[in-house]
Amino acid sequence: MKTFHCHCGNRLYFENTVCVHCGREVGYLPEHRRIVTLQHEADDLWSPATTGGSGGRYRKCRNYEPEQVCNWMIPADDHDAFCHACRLNRTIPDLGVPENRRFWLRVERAKRRLVYTLDALGLPVFGKSVDGDAGLAFEFLRDAAPLADEFSNPAGDQHRILTGHRHGIITINIEEADPGARERMRENLNEGYRTLLGHFRHEIAHYYWDLLVRDTAWLAPFRTLFGDERTDYDEALAGYYRDGPPEKWPARHISAYAAAHPWEDWAETWAHYLHMVDTLETAEDLNLSVRGRAIGGMPADPTTWLQESLTDWHELTVALNDLNRSMGLPDAYPFAISATVAEKLALVREIIATAPRADPTLPPTRNGAVPTGPA
């Protein structure tokens, strides 16, 4: 994730709606992947005020004004009331419950970071209004009773909202936006890491497995590294929660949960690849160096990216963990990448690099490739 600058020179962050220095409103232009200072034109129309702006006229997303949970803009000739990210929403929380708006704001911030990365990677991002079968949708729901156990599902009024993916619909229990509830869940499940953004990155992996791997030439390479996904999923998860992961899971998996089933291994590995992409881009944008080594973004050269990126990632995450410990905080990245996990990350990267761009409203992929599997 990059940082940006207002026309006054002040630094702008991805979530900003106002420059705290000059007070000008700002907005994000998805097609240019930039936060810009806004200049009011007429009625509901705005244009970029910065000299390096992209020109054109824009409207604010319906969730920018009046809902105040978004800062993305819409080209003036696009008649949809919602931006590229918000039009993916199928269900939002009940705003009659006061704290739900606060939770929704946090959920939307995490979702927009996800969409930013997906767009930057050239992945297809389109809703069910474009394709009812293959399109993506989000549902943000909340339990009637406080979140206590993600995996309890009693009958009747206590039915649980489970964060998960099914047929292109990603459901997020918005109580995950409550730090206290999320931390209790993390402790209950003995997890080292649990964040809203992590949930989005994990669940979107299931969506892209259906879109990019299922019934394609990538399925055989997937099974070679991750295992056979035809293994009964419900039985595998029941066994994981009953018996725990296999003793030597760190040699083959990025997390204990990844050992539960090949689908979860894929989702956890995909999520970690997105962690790497976004965090390394941030480090590069900030010109960070660790022990004299400049931290770069993800290299484009497929012959060198793995070694270079993993070296940078190791140096950066060790530094992040040490800094957190100095502040009395948990490790920012409590994971280790084995040689087998590195191979899985390489496959994830290759599948992403060759994914077709399916949304005609966004720029083409970087390399314009549209293969259906490995050569």
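Source: prediction; values computed, not measured.
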Salt-bridge criterion met for [X] and [Y] (N-O under 4.0 Å):
X	Y	result
R57	E41	yes
E229	R214	no
E139	R90	yes
E343	R252	no
D44	K60	no
D265	K344	yes
K2	E284	no

Determine whether [X] and [Y] make a side-chain contact, defined as any pair of heavy atoms from C-beta on separated by less than 4.5 Å.
X	Y	answer
I74	R87	yes
L114	L274	yes
H272	V348	no
H275	Y193	yes
C19	T37	no
N63	N89	yes
C22	N10	no

So does [X] have more than 12 non-hydrogen atoms from other groups sitting under 6.0 Å from [atom1]?
X	atom1	answer
E183	CD	yes
D43	CG	no
D228	CG	yes
Q68	CD	no

- [ ] Check step by step if ring-ring contact (aromatic ring centres under 6.0 Å, His included) holds for H202 and H199.
- [x] CA-CA 5 Å; H202 176 102; H199 279 312; 7.8 Å; no

Task: ring pair (Phe, Tyr, Trp, His ring centres under 6.0 Å) partners for Y240, two or more places apart - done: Y257

TODO: Kindly write out the residues that satisfy ring pair (Phe, Tyr, Trp, His ring centres under 6.0 Å) with W46, not counting sequence neighbours, or none if the list is empty.
DONE: H40

Task: Pair listing, ring pair (Phe, Tyr, Trp, His ring centres under 6.0 Å) test, anchored in residues 313-332, at least two apart - done: W313-Y333

Task: Test side-chain contact (heavy atoms from CB on, under 4.5 Å) applied to I295 and L286, T282, V290, the passing residue - done: V290

TODO: Would you please classify the geometry between the F14 ring and the Y28 ring as parallel, tilted or perpendicular, with 30° and 60° separating the classes?
DONE: perpendicular

Open item on the list: Tell me if the aromatic rings of F222 and W209 count as close, with their centers under 6.0 Å from one another.
Closed with: yes

Open item on the list: Evaluate Y58 against L45 for side-chain contact (heavy atoms from CB on, under 4.5 Å), listing each step before the verdict.
Closed with: CA-CA 5 Å; Y58 296 85; L45 296 179; over 6 Å; no

Task: Test salt bridge (Lys or Arg N to Asp or Glu O under 4.0 Å) applied to E175 and R106, R102, R184, R142, the passing residue - done: R142

Task: Co-membership, hydrophobic cluster, residues W270 and I172, 4.5 Å side-chain - done: yes

- [ ] For W104 and F140, run ring-ring contact (aromatic ring centres under 6.0 Å, His included): C-alpha distance rounded to whole Å, both residues' side-chain angles, the deciding distance at 0.1 Å, then the answer.
- [x] CA-CA 8 Å; W104 184 33; F140 303 136; 7.8 Å; no

